[in-house]
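Working notes for the structure below.
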2 protein chains.
Amino acid sequence: MPPCTPPTPPPEGEAEANIELARLAKALSHPARVTILRALLRRDTCVMGSIVDLLPLAQSTVSQHLKQLKQAGLIRGEIDGPRVCYCVEPEAIERLKALIQAL
Amino acid sequence: MPPCTPPTPPPEGEAEANIELARLAKALSHPARVTILRALLRRDTCVMGSIVDLLPLAQSTVSQHLKQLKQAGLIRGEIDGPRVCYCVEPEAIERLKALIQAL
DNA sequence: GCGTCATATCGCATATCGACGATAAACGAA
DNA sequence: TTCGTTTATCGTCGATATGCGATATGACGC
């Protein structure tokens, strides 16, 4: 007999939390995106050009990664003259931390 | 001028941490895998058959997801008679929590 | 207007993911 | 040994991810 406790009913709203966590985790599932997020958190950079310099990737590829981070709600892009200034969404980061910590 | 601090050199060993975090995040990047991990953490189930019952997926698909969780080091499978008993690797979970919290 | 700079998007190639059914492999019981 | 139960693997498929160069878009200065 395997060492298992009797099956408990899955807590309320767990399915939604699982989907939300999976979405956020997916956004972090590529080293380049983790690198970008960390750089933005350090506030080293916020402009595309300098983010590209951090990575061995083409500008278009970096733009795609930024798009994914934006779609996951982890970052935001504000138009700043001819550039776009990216910054993190602190609430989303906190949400991610909370979901992971609750595991 | 965008509101950026002067560029700081990236901390020591950050690239490795980014890769490690991306690997762990990738393992959690699918709702089914989050569901499985949570069930194992609750110790509701540990055998394939009951895990399959939790999900609207075929047995072979669940086996694939378990394989990915195992390859990421988040779970372990112990042969228990004709069955396999899966359980979480607490150290890996703690590592994940630490990496996320350090963001 | 025109050109320039910075960024986003398009189009394409390749690789990986996620799903399934079918089958193989391992084990206990009869 | 043979059968049934349980899990892993294989082969295949469509969908998605990742990368690039080329091109479109948008904002500014002239």
Side-chain angles (χ1 to χ4, degrees), chain A residues 1-4 7 15 18-19 21-37 39-40 44-72 74-87, chain B residues 1-4 7 15 18-19 21-37 39-40 44-72 74-87:
Chain A
M1 179 81 68
C4 288
N18 290 348
I19 293 172
L21 178 49
R23 265 181 60 88
L24 291 171
K26 191 172 196 171
L28 293 186
S29 70
H30 192 289
R33 289 195 289 271
V34 180
T35 302
I36 292 171
L37 192 65
L40 293 180
D44 281 359
T45 54
C46 49
V47 201
M48 260 288 303
S50 46
I51 296 175
V52 171
D53 293 341
L54 292 176
L55 298 162
L57 295 172
Q59 176 265 329
S60 60
T61 306
V62 174
S63 187
Q64 299 264 28
H65 285 304
L66 286 166
K67 187 179 182 180
Q68 286 180 253
L69 287 170
K70 211 187 322 183
Q71 283 177 341
L74 286 167
I75 67 173
R76 186 173 18 128
E78 291 174 4
I79 296 174
D80 175 48
R83 295 168 241 265
V84 178
C85 181
Y86 287 101
C87 50
Chain B
M1 181 81 67
C4 289
N18 290 347
I19 292 171
L21 177 50
R23 265 181 61 90
L24 291 171
K26 192 171 193 172
L28 293 186
S29 70
H30 193 288
R33 291 194 287 271
V34 179
T35 302
I36 293 171
L37 192 66
L40 293 179
D44 281 357
T45 55
C46 50
V47 201
M48 260 288 303
S50 46
I51 297 175
V52 171
D53 293 341
L54 292 176
L55 298 162
L57 296 171
Q59 176 265 329
S60 59
T61 306
V62 174
S63 188
Q64 298 265 29
H65 285 305
L66 285 167
K67 187 179 183 180
Q68 286 181 253
L69 286 170
K70 212 186 321 180
Q71 283 178 340
L74 286 167
I75 68 173
R76 184 173 20 126
E78 289 174 6
I79 295 173
D80 175 47
R83 297 170 239 265
V84 178
C85 181
Y86 286 101
C87 51

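Remember, predicted model here, so these are calculated numbers, not experimental data.
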How would you give the extent of chain A contacts on DNA chain D, as first and last nucleotide 5' to 3' within a 4.0 Å heavy-atom cut-off?
D:dA17 to D:dC28
Closest heavy-atom pair and its distance - [X], [Y]:
{"X": "B:Tyr86", "Y": "B:Ile75", "answer": "CD2-CD1, 3.8 Å"}
{"X": "A:Leu40", "Y": "A:Cys46", "answer": "CD2-CA, 4.0 Å"}
{"X": "B:Leu28", "Y": "B:Val34", "answer": "O-CG2, 3.3 Å"}

Give the dot-bracket string for DNA chain C, reading 5' to 3', where a pair is Watson-Crick or G-U wobble with both distances under 3.5 Å, ( ) marks pairs inside the strand, [ ] marks pairs crossing earlier ones, | marks a partner on another strand, and . marks unpaired.
||||||||||||||||||||||||||||||
For residues 51-62 of chain A, which side-chain N or O atoms pair as donor and acceptor with protein atoms under 3.5 Å away, sequence neighbours left out?
none

What distance separates [X] [atom1] from [Y] [atom2], expressed to the nearest 0.5 Å?
{"X": "A:His30", "Y": "A:Thr35", "atom1": "NE2", "atom2": "OG1", "result": "9.5 Å"}
{"X": "B:Lys26", "Y": "A:Lys26", "atom1": "NZ", "atom2": "NZ", "result": "10.5 Å"}
{"X": "B:Ser29", "Y": "B:Leu24", "atom1": "OG", "atom2": "CG", "result": "11.5 Å"}
{"X": "A:Cys85", "Y": "A:Glu78", "atom1": "SG", "atom2": "CD", "result": "6.5 Å"}

Summary of protein contacts for nucleotides 9-22 of chain C, nucleotide by nucleotide, where a base hit scores B, a sugar-phosphate-only hit scores S (4.0 Å, heavy atoms)
B-------SSSBBB
If a protein heavy atom is under 4.0 Å from the base, mark B; if only from the sugar-phosphate, S; if neither, -; do that for nucleotides 24-30 of chain C going 5' to 3'.
---SS--
Please list, one pair per line, the donor and acceptor atoms closer than 3.5 Å that link side chains of residues 63-72 of chain A to other protein atoms, with sequence neighbours excluded.
from: A:His65; atom 1: ND1; to: A:Arg33; atom 2: NH1; distance (Å): 2.9
from: A:Gln68; atom 1: OE1; to: A:Arg33; atom 2: NH1; distance (Å): 3.1

